[in-house]
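A note on names: the letters A, B, ... follow the listed sequences, proteins ahead of strands, and every chain is numbered from 1.
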Number of protein chains: 2
Amino acid sequence: MSTKNKILDAAEDLFAVKGFNGTSLREITSQAEVNLAAVNYHFGSKKELIKAVMSRYMNELAPNLEKVLLEVCEQDKPTLTQVFSAFAEPLLSLNDFRENGTSNFLQLLGRGYTDSQGFLRWFLTTQYPNVIQYFVDAVHKAYPELSAEEMFWRLHFTMGTIVFTMSSSEALLDIAKSDFNQDVEIASLIEQVIPYIAAGVAAPVGGART
Amino acid sequence: MSTKNKILDAAEDLFAVKGFNGTSLREITSQAEVNLAAVNYHFGSKKELIKAVMSRYMNELAPNLEKVLLEVCEQDKPTLTQVFSAFAEPLLSLNDFRENGTSNFLQLLGRGYTDSQGFLRWFLTTQYPNVIQYFVDAVHKAYPELSAEEMFWRLHFTMGTIVFTMSSSEALLDIAKSDFNQDVEIASLIEQVIPYIAAGVAAPVGGART
DNA sequence: CGCTATTTTAAACGCATGTTTAAACTGAAC
DNA sequence: GTTCAGTTTAAACATGCGTTTAAAATAGCG
């Protein structure tokens, strides 16, 4: 295993648990069993390392997401549940890509949105605009009555649901286990959240009551 | 204005925007126009200062939340929208308590859940258990078919929606403004999110489709 | 082998952090 | 006016950070 990959693997695990700001290069290089200076030699800076960790996942994930979202769009009248369910398979296949890949990636996504004042949001929206565009298209086809403004807010609510749940998923899975003897996997967590967000995005517009 | 309050005010504003880890004591004391050592003199440590900032809000908010949640529970058959709408007034009244009180508090809540590895979650659940209990009771009365496990997950999804939205609300409000010329206040953001989370929690159980 | 380019290494640099110290100041009580 | 607890202050402390340096080790190639 190359030094570069050893660093990427260690950085990914630590970033997921402790956040970007909360993880030092010394922790990373120590866990990776490489020299401290190796990060700056191979990646240039900590910021570039963060980008590299995220890119490794996004380059794997983006084509798959674009594919399934386009497929959903091809249907006459997709349901919102279909739209959100489309994410499940590409996300879960990250577990073949790397151990705990799904969970790690979603946690990283969560960290990136709250750590480091949104530079990751800029990174994702500029580097992978198609994923977002196809997703918006799919939601629009499933629920055309939703105005652009309402769509904007509901998609960010959804982002929040996912990102927060996943970034605190370790703690939550522990609580669930001790309270309900319920040994939840990340896969079943994804299944749990789909009806929630589908119903949320599907909520009637304009002050109607549930 | 006492030194203690000057520190609390400055810390609150900075914590909300830059997070707990992202704000240094020097920034706080500089903005508060007090000496650096004043924080450790009056509060003991940075961690205790964080607790003090949160306590100031929770001590104001908790009695009001408990009151409105108990009121909702007294109804024969409250709706989920009523349950979640009950939060609006106590939260918005924080604006009378302090300038930008509502927004600041919700942002702090969001920061606390992702920064500092969940010590704030422990703090809130142990210090203010009644609020959580009354809330769970209210949701249960509104939707008794929801099992304890499903309730657990959906309430955390809801927490995620709120907390994430609010912790990135500054960025989101800016984007909304530039994209839609839509000058959104925190109050209307709360109104937007209520139907979303009410519908999410109200989603049918057991794999039914929307 | 001998040369070169790449990689690894230990050490240091400069800087920012939370905290502590001890002296200076303040304001009421006697 | 003196005393003394409470408060403020400037300075230093110890530590950890990301980054840089320059020498040592390694690997690839003619």
Side-chain angles (χ1 to χ4, degrees), chain A residues 1-56 107-108 111-120 122-123, chain B residues 1-56 107-108 111-120 122-123:
Chain A
M1 166 111 54
S2 70
T3 299
K4 218 167 169 173
N5 279 327
K6 281 198 271 187
I7 293 174
L8 282 173
D9 290 352
E12 175 187 319
D13 289 339
L14 289 166
F15 283 157
V17 175
K18 316 179 68 169
F20 300 118
N21 294 333
T23 305
S24 71
L25 295 185
R26 283 168 175 80
E27 291 179 273
I28 293 170
T29 53
S30 161
Q31 174 159 327
E33 295 179 310
V34 302
N35 188 274
L36 166 62
V39 170
N40 289 280
Y41 176 76
H42 285 284
F43 296 94
S45 69
K46 184 179 180 180
K47 201 162 201 168
E48 289 298 318
L49 172 61
I50 295 173
K51 279 193 201 173
V53 168
M54 293 308 296
S55 292
R56 193 165 61 150
Q107 284 186 254
L108 291 172
R111 298 294 182 182
Y113 261 73
T114 47
D115 283 17
S116 65
Q117 302 192 229
F119 113 86
L120 192 67
W122 165 85
F123 174 70
Chain B
M1 166 109 60
S2 70
T3 298
K4 218 167 166 171
N5 279 325
K6 280 198 273 188
I7 293 173
L8 281 172
D9 290 353
E12 174 187 321
D13 289 340
L14 289 166
F15 283 157
V17 174
K18 317 180 67 170
F20 300 118
N21 295 332
T23 306
S24 71
L25 294 185
R26 283 169 176 79
E27 290 178 273
I28 293 169
T29 53
S30 161
Q31 174 159 327
E33 295 180 311
V34 303
N35 187 273
L36 167 62
V39 170
N40 290 280
Y41 177 76
H42 285 285
F43 296 93
S45 69
K46 184 179 180 181
K47 202 162 202 168
E48 289 299 317
L49 172 62
I50 296 174
K51 279 194 201 172
V53 168
M54 292 308 295
S55 293
R56 191 163 64 147
Q107 284 186 253
L108 290 172
R111 297 294 183 183
Y113 262 73
T114 46
D115 281 16
S116 65
Q117 301 189 235
F119 112 88
L120 194 66
W122 165 87
F123 174 70

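Among the protein residues, Ser2(B) comes within range of no part of the nucleic acid, since none of its heavy atoms lies under 4.0 Å from any strand.
In this structure, Asn35(A) and Thr3(A) have side chains that are not in contact, with every pair of non-hydrogen atoms separated by 4.5 Å or more. Under the 4.5 Å side-chain criterion, counting only non-hydrogen atoms from C-beta, Phe15(A) is not in contact with Arg111(A).
Rounding to the nearest 0.5 Å places CD of Gln31(B) at 6.0 Å from CG of Asp13(B). Rounding to the nearest 0.5 Å places CG of Asn40(A) at 11.0 Å from CD of Glu48(A).
Atom NZ in Lys4(B) sits about 9 Å away from atom P in dT7(D), given to the nearest Å. Look at CG on Leu25(B): it is 15 Å from C1' on dG16(D), rounded to the nearest Å. Between the CG atom of Asn21(B) and the C1' atom of dC17(D) there is a distance of 14 Å, rounded to whole Å. Per the geometry, CZ belonging to Arg26(B) stands 14 Å off P belonging to dC13(D), to the nearest Å.
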Criterion side-chain contact (heavy atoms from CB on, under 4.5 Å) on Leu8(B) and His42(B), from CA distance to verdict:
CA-CA 11 Å; Leu8(B) 281 172; His42(B) 285 285; over 6 Å; no
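Of the candidates Val34(B), Leu49(B), Asp9(B), Leu36(B), Ile28(B) forms a side chain to side chain contact (heavy atoms under 4.5 Å, CB included) with just one, namely Leu49(B).
First and last contacts of DNA chain C with chain A, using any nucleotide atom under 4.0 Å from a protein heavy atom and ordered 5' to 3', fall at dT6(C) to dA12(C).
Of the possible donor and acceptor atoms, one in the side chain of Lys46(B) sits under 3.5 Å from a partner among the backbone N and O of Phe20(B). For the pair Glu27(B) (side chain) and Ser24(B) (backbone), a donor-acceptor distance under 3.5 Å is present.
Less than 4.0 Å separates DNA chain C from at least one heavy atom of each of the following residues of residues 30-46 of chain B: Leu36(B), Ala37(B), Asn40(B), Ser45(B), Lys46(B).
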